[in-house]
2 protein chains.
Amino acid sequence: MTVSLGSLRADRPDIYVTGCPSRVVLDHVTSKWGVLVLAALAGGTLRWGELRREVDGISEKMLASTLRTFEADGLVQRTAYPEVPPRVDYRLTPLGRDLVEAMTPLITWVAAHAEEIVSG
Amino acid sequence: MTVSLGSLRADRPDIYVTGCPSRVVLDHVTSKWGVLVLAALAGGTLRWGELRREVDGISEKMLASTLRTFEADGLVQRTAYPEVPPRVDYRLTPLGRDLVEAMTPLITWVAAHAEEIVSG
DNA sequence: CGGCATCCCTCGGGATACTG
DNA sequence: CAGTATCCCGAGGGATGCCG
């Protein structure tokens with residue numbers, strides 16, 4: 001069952017208004033590293049170091065910042081283990097998993113058509 | 001038919017590599033105004049002025065820049081009519097319509113869950 | 001009406017170094 | 001290992017003005 005294109009705006013006029021919750025969440029998700037971090041976590045729980053290696057090019061600062069945003073949004077759950085050396089892992093919450101599922105068509109499409117677009 | 005979450009990374013490792021076509025296209029789409037402009041055009045052809053009003057908060061500079069990027073990507077088609085006063089309209093290309101269709105689940109999801117997330 | 005040019009500045013984000 | 005703290009830069013992006 002496909003959502004018709006025409007209904008996209010009619011059903012969700014809220015997306016387009018500055019400062020509304022939809023825009024805030026959309027900004028988080030479409031932030032420079034948002035999609036990549038969420039997609040990386042789609043494969044399952046990852047530790048900090050794994051996440052860094054997984055998302056090529058991200059700095060520690062941006063990884064921390066992106067994760068904190070998603071944690072506050074309730075999309076990612078952080079778990080710290082009281083061990084030495086410290087171990088921390090990150091996983092999607094049920095809400096986050098739901099979001100990633102909604103993102104999957106986009107990511108798949110981009111991956112499939114990227115060459116075509118860039119080569120023009 | 002749903003794409004399993006686990007396969008997302010396995011199938012498309014390219015997304016995660018800096019500078020690859022997938023990352024370039026993903027950056028265009030997830031640029032600050034990319035999603036909004038594409039979604040606005042999902043409803044059909046729009047004139048410049050209509051687009052500006054539709055996408056709340058966008059400046060002329062960013063609208064122009066975003067549209068030029070998508071035009072170069074082959075996602076949006078620009079048509080100028082040799083009239084006075086000038087009239088220009090923008091519509092999605094078939095490729096662009098395809099992309100918007102892949103984006104629709106994400107937009108719909110965000111609109112539906114935004115309150116829940118922001119109020120957190 | 002539909003832009004482009006220009007100026008200006010915020011702040012996203014990178015590099016580096018340090019800590020529990 | 002998993003971060004925090006600082007410094008710093010530049011491009012993304014806003015405001016204004018002009019033009020065909």
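Quantities reported herein were computed from a predicted structural model and do not represent experimental measurements. Chain A is the first sequence line, chain B the second, and so forth, proteins listed ahead of strands; every chain is numbered from 1.
Side chain of Thr108(B) to backbone of Thr104(B): a donor-acceptor contact under 3.5 angstrom is found. Counting only distance, with no hydrogens or angles, the side chain of Thr93(A) and the backbone of Leu75(A) share a donor-acceptor pair below 3.5 Å. Using modelled atom types, one side-chain atom of Ser119(A) and one backbone atom of Glu115(A) make a donor-acceptor pair closer than 3.5 Å.
Checked by atom type, the side-chain pair Thr18(A)/Asp56(B) shows a donor-acceptor distance below 3.5 Å.
As a whole-Å value, the separation of His28(B) NE2 from dG12(D) C1' is 14 Å. Atom CH2 in Trp48(B) sits about 18 Å away from atom P in dC19(D), given to the nearest Å. Atom CG of Leu63(B) and atom P of dC1(C) are 15 Å apart (whole Å). Look at CG on Leu67(A): it is 15 Å from C1' on dC1(D), rounded to the nearest Å. Computed from coordinates, the Arg68(B) CZ to dC4(C) C1' distance equals 8 Å when rounded to whole Å.
Here dC1(C) is the nucleotide among dC4(C), dC1(C), dG20(C) with the atom lying nearest to any side-chain atom of Pro85(B).
In terms of heavy-atom proximity, Phe70(A) sits nearest to His28(A) at CZ-O, 3.7 Å.
OP1 and OP2 of dA2(D) both lie 4.0 Å or more from every side-chain N or O belonging to Arg78(A). The shortest distance between the side-chain N/O atoms of Arg47(A) and the OP1/OP2 oxygens of dA2(D) is below 4.0 Å.
At a threshold of 4.0 angstrom between heavy atoms, the contacts of Tyr90(B) are confined to the sugar-phosphate backbone, with no base atom among them.
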Margin query: Each nucleotide in nucleotides 10-19 of chain C should get exactly one letter: B, S or -. Can you fill that in based on protein heavy atoms under 4.0 Å?
Written below: ---BBB-B--
Next item on the list: Evaluate side-chain contact (heavy atoms from CB on, under 4.5 Å) for Leu99(A) paired with Val25(A), printing each intermediate quantity in order.
Entry: CA-CA 11 Å; Leu99(A) 168 58; Val25(A) 173; 5.9 Å; no
